[in-house]
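This report refers to the structure that appears directly beneath it.
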Amino acid sequence: MAIDIQVNGKMQSVETSPQTPLLYALRNDCDINSAKYGCGQGQCGSCTVIINGNPVRSCITEIGSVKGNVTTLENYKNDRVLSALNKAFIAEQAAQCGFCIAGMMMSAKALLDTTKNPSDSAIRKALNGNLCRCGTHIRILRAIKSAAKELQA
Ligand code: FES
Ligand code: FES
């Protein structure tokens, strides 16, 4: 059946079943490559997108349950917070393989959208479900703090 979803402000029609994971539809039908398949079980955060302001694991979210716009990293040029995060992650070189980074940035965006000047512990808590095998956590933390600072300027 055809299921309509809004991705980064654009309506798209996807031919699939309502039980299909949102991640599959994003990657296979909507030209979205930032969200990654890591664990497929909601445990690593690499597939994180934002729906209605909340970071959501798209690998365990059925497309039929999606109500509202899905924001992904592809929208960074139109989003002040994502733009600041993108710039800061590059400046801090906060990636090695980069597999986890889009998910990290989406969780960070959800935090910075509601908290202007988060403490280290608030950032750690917000990103607790995002895993990085390469161990760039300190740089990621620095990048998020730097983006927060820029957004306040
Ligand atoms: Fe979705 Fe790991 S792939 S949480
Ligand atoms: Fe490689 Fe995070 S940079 S998993």
Side-chain angles (χ1 to χ4, degrees), residues 3 5-8 10 12 14-77 79 81-115 118-150:
I3 296 181
I5 53 168
Q6 189 177 30
V7 182
N8 296 324
K10 188 175 150 203
Q12 311 226 21
V14 178
E15 200 59 46
T16 190
S17 77
Q19 290 77 34
T20 299
L22 172 61
L23 177 63
Y24 296 3
L26 290 174
R27 292 188 60 87
N28 296 336
D29 302 294
C30 301
D31 247 358
I32 297 298
N33 298 311
S34 61
K36 302 281 191 294
Y37 184 98
C39 64
Q41 297 179 345
Q43 294 181 2
C44 74
S46 67
C47 65
T48 305
V49 297
I50 293 181
I51 302 176
N52 296 329
N54 299 310
V56 166
R57 306 298 186 236
S58 62
C59 69
I60 51 167
T61 301
E62 293 182 356
I63 189 172
S65 74
V66 175
K67 306 267 179 285
N69 183 58
V70 180
T71 301
T72 74
L73 187 55
E74 277 78 359
N75 199 41
Y76 80 95
K77 285 185 183 159
D79 185 297
V81 172
L82 280 179
S83 288
L85 283 165
N86 187 57
K87 201 169 134 194
F89 270 67
I90 291 169
E92 293 293 343
Q93 291 288 287
Q96 283 192 38
C97 78
F99 198 85
C100 69
I101 296 299
M104 293 279 183
M105 288 171 71
M106 299 315 290
S107 292
K109 170 181 159 55
L111 173 67
L112 296 184
D113 276 345
T114 56
T115 312
S119 63
D120 283 11
S121 65
I123 297 172
R124 285 198 174 97
K125 194 170 163 205
L127 271 71
N128 192 35
N130 290 81
L131 307 182
C132 173
R133 291 182 185 194
C134 300
T136 62
H137 305 89
I138 299 300
R139 289 178 179 221
I140 289 169
L141 191 61
R142 275 208 303 262
I144 295 170
K145 287 181 80 77
S146 157
K149 212 173 190 178
E150 181 178 321

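Numbering of ligands and ligand atoms starts at 1, following listing order.
Backbone or side-chain N, O or S atoms of Cys132 do not reach atom 1 (Fe) of ligand 2 at under 2.8 Å. At a cut-off of 2.8 Å, Cys100 is counted among the residues with an N, O or S atom near atom 2 (Fe) of ligand 2. At a threshold of 2.8 Å, atom 1 (Fe) of ligand 2 has a backbone or side-chain N, O or S atom of Cys134 nearer than that distance.
Not one N or O on the side chain of Ser58 forms a donor-acceptor pair closer than 3.5 Å with the backbone of Thr48. Under a 3.5 Å cut-off, the side chain of Ser107 and the backbone N or O of Leu127 do not form any donor-acceptor pair. In this structure, Asp113 contributes its side chain and Gly53 its backbone to no donor-acceptor pair below 3.5 Å. No donor-acceptor distance shorter than 3.5 angstrom exists from the side chain of Arg57 to the backbone of Gln43, with no hydrogens or angles considered. With Thr115 contributing its side chain and Leu112 its backbone, the two residues share no donor-acceptor pair below 3.5 Å. The closest donor-acceptor contact from the side chain of Lys36 to the backbone of Ser34 lies under 3.5 Å. In this structure, Glu92 contributes its side chain and Phe89 its backbone to no donor-acceptor pair below 3.5 Å.
For ligand 1, the atoms closer than 4.0 angstrom to any heavy atom of Cys59 are 1 (Fe), 3 (S), 4 (S). Taking a cut-off of under 4.0 Å to the non-hydrogen atoms of Gly38, the atoms of ligand 1 that pass are 3 (S). Atom numbering of ligand 1 starts at 1 in the shown order; those under 4.0 Å from a heavy atom of Gln43 are 4 (S). Less than 4.0 angstrom separates some heavy atom of Gly98 from each of these atoms of ligand 2: 1 (Fe), 3 (S). Of all atoms in ligand 1, listed by their number and element, those nearer than 4.0 Å to a heavy atom of Cys47 are 1 (Fe), 3 (S), 4 (S). Set against the non-hydrogen atoms of Gly42, the atoms of ligand 1 under 4.0 Å away are 4 (S). Close contacts between ligand 2 and Gln96 involve ligand atoms 3 (S) [criterion: under 4.0 Å to a heavy atom].
For Asn54, the CG atom sits in a packed shell: over 12 heavy atoms of surrounding residues, nucleotides or ligands are nearer than 6.0 Å.
At the top of the distance list for atom 4 (S) of ligand 2, counting protein heavy atoms only, stands Arg133 N, 3.4 Å.
With atom 2 (Fe) of ligand 1 as the vertex, SG of Cys44 and SG of Cys39 span 110° to the nearest 10°.
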